Undergrad: 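If you scroll down you'll find the structure; I have some questions about it.
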Amino acid sequence: MSEDVTTDHGPAAGLPEYAERVLAVAELIPPGRVMTYGDVAEWLGEGGPRQVGRVMALYGGPVPWWRVVRADGALLPGHELRALDHYRDEGTPLREAGRGADGHLPRLDMRRARWDGTGTGADDAAPGVNPHT
């Protein structure tokens, strides 16, 4: 994540409108919950996982970037330890790594951590995303 981006990510800052919308969704995700790149694109009804990932890579520093994740639950390469600290602080459900796991890092427990965009996220485990309910 680019962390040298100013926290004023409004239109005056020259941020593309799509990036504004992606970052706004990232800010809605409750602590301890996650959405995949594809979930965010589906929620917005535009773009796709790669476009969301690009926005997060370029502009995601000022928002809770660790809550927008890969669908397989793998931690963001290059940011694993920082993300893991956030997940542990927030109580995000994790699956402990097996012996064969690269670096023995846990993965997100996507079944329990995934947020569907409804409710507060406290007790509403979501196996998938249905953002329009």
Side-chain angles (χ1 to χ4, degrees):
M1 296 296 104
S2 173
E3 297 229 23
D4 57 348
V5 176
T6 177
T7 56
D8 175 21
H9 56 270
L15 207 58
E17 288 182 29
Y18 182 71
E20 281 285 325
R21 291 190 292 276
V22 168
L23 297 179
V25 173
E27 289 178 327
L28 292 174
I29 303 168
R33 303 304 297 269
V34 298
M35 289 179 94
T36 68
Y37 299 113
D39 293 343
V40 172
E42 182 180 336
W43 172 267
L44 292 172
E46 63 180 310
R50 289 179 190 254
Q51 290 86 353
V52 171
R54 179 82 174 144
V55 167
M56 294 305 295
L58 292 174
Y59 309 112
V63 300
W65 54 266
W66 57 93
R67 296 182 193 152
V68 181
V69 302
R70 293 172 33 163
D72 66 1
L75 305 186
L76 183 65
H79 301 278
E80 299 95 340
L81 297 180
R82 286 188 9 227
L84 191 54
D85 286 342
H86 287 293
Y87 298 138
R88 288 182 171 147
D89 287 345
E90 294 182 355
T92 307
L94 298 170
R95 290 180 25 214
E96 289 306 315
R99 291 182 189 206
D102 190 29
H104 300 289
L105 290 171
R107 287 184 178 249
L108 292 159
D109 183 339
M110 294 302 292
R111 187 183 59 76
R112 294 176 42 226
R114 202 168 188 178
W115 186 58
D116 69 357
T118 64
T120 62
D123 296 313
D124 56 335
V129 172
N130 186 358
H132 304 292
T133 59

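If you read the sequence from its start, that first residue is 1, and numbering goes on from there. For clarity, every value in this text was computed on a predicted model and none was experimentally measured.
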Undergrad: In sequence, state the C-alpha distance, the side-chain angles, and the governing distance for V68 and V34, and then conclude on side chain to side chain contact (heavy atoms under 4.5 Å, CB included).
TA: CA-CA 6 Å; V68 181; V34 298; over 6 Å; no
Undergrad: So Q51 and V55, do their side chains get closer than 4.5 Å, heavy atoms only?
TA: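 V55 does not reach Q51 side chain to side chain.
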Undergrad: Got R95 and D109 here, is their nearest side-chain heavy-atom distance under 4.5 Å?
TA: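 Side chain of R95 against side chain of D109, heavy atoms only: contact under 4.5 Å found.
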Undergrad: Give the minimum heavy-atom separation between A26 and P64, together with the two atoms involved.
TA: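 The pair with the smallest heavy-atom distance is O-CG, 3.5 Å.
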Undergrad: If you measure from CZ on R107 to CG on L75, what distance do you get to the nearest 0.5 Å?
TA: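 These two atoms lie 8.0 Å from each other.
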Undergrad: Are any of the side-chain heavy atoms of R70 and Y37 separated by less than 4.5 Å?
TA: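 Side-chain contact under 4.5 Å: yes.
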Undergrad: Please work out whether the ring planes of W66 and H86 are parallel, tilted or perpendicular, with thresholds of 30° and 60°.
TA: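 If you compare the ring of W66 with that of H86, the planes turn out parallel.
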Undergrad: Mind listing the closest non-hydrogen atom pair of P93 and A113 along with its distance?
TA: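 That closest heavy-atom pairing would be CD-CB, 3.8 Å.
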Undergrad: Can you measure from CH2 (W115) to CG (L28) and round to the nearest 0.5 angstrom?
TA: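 CG of L28 is found 5.5 Å from CH2 of W115.
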Undergrad: For R54, I'd like to know if atom CZ has over 12 heavy atoms of other residues, nucleotides or ligands within 6.0 Å.
TA: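 12 or below, so no.
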Undergrad: For a 4.5 angstrom cut-off between non-hydrogen side-chain atoms, does V63 reach M56?
TA: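 Yes; the side chains approach each other to less than 4.5 Å.
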Undergrad: To the closest 0.5 Å, what do you measure between OH (Y18) and OH (Y59)?
TA: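 Here the rounded value is 12.5 Å.
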Undergrad: If you look at every heavy atom in P31 and E90, which pair is closest and at what distance?
TA: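 Scanning both residues completely, I find the closest heavy atoms to be CA-OE1, 3.5 Å.
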Undergrad: At their closest point, which heavy atom of G32 faces which heavy atom of T92, and how far apart are they?
TA: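 Nearest heavy atoms, G32 then T92: CA-OG1, 3.2 Å.
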Undergrad: Is there a side-chain contact between L23 and L15 in this structure, where contact means two heavy atoms from C-beta onward sitting under 4.5 Å apart?
TA: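 Side-chain contact under 4.5 Å: yes.
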Undergrad: Could you tell me the separation between the CZ atom of R67 and the OH atom of Y87, rounded to the nearest 0.5 Å?
TA: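 The CZ atom of R67 sits 10.0 Å away from the OH atom of Y87.
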Undergrad: Could you tell me if the side chain of M110 sits less than 4.5 Å from the side chain of T36, heavy atoms only?
TA: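 A side-chain contact exists here, since the closest heavy-atom pair is under 4.5 Å.
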Undergrad: Where the side chain of E42 meets the backbone of V40, is there a donor-acceptor pair that is under 3.5 Å apart?
TA: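 A pair under 3.5 Å: no.
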Undergrad: Is there a side-chain contact between L81 and L105, using heavy atoms and a 4.5 Å cut-off?
TA: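 A side-chain contact under 4.5 Å exists here.
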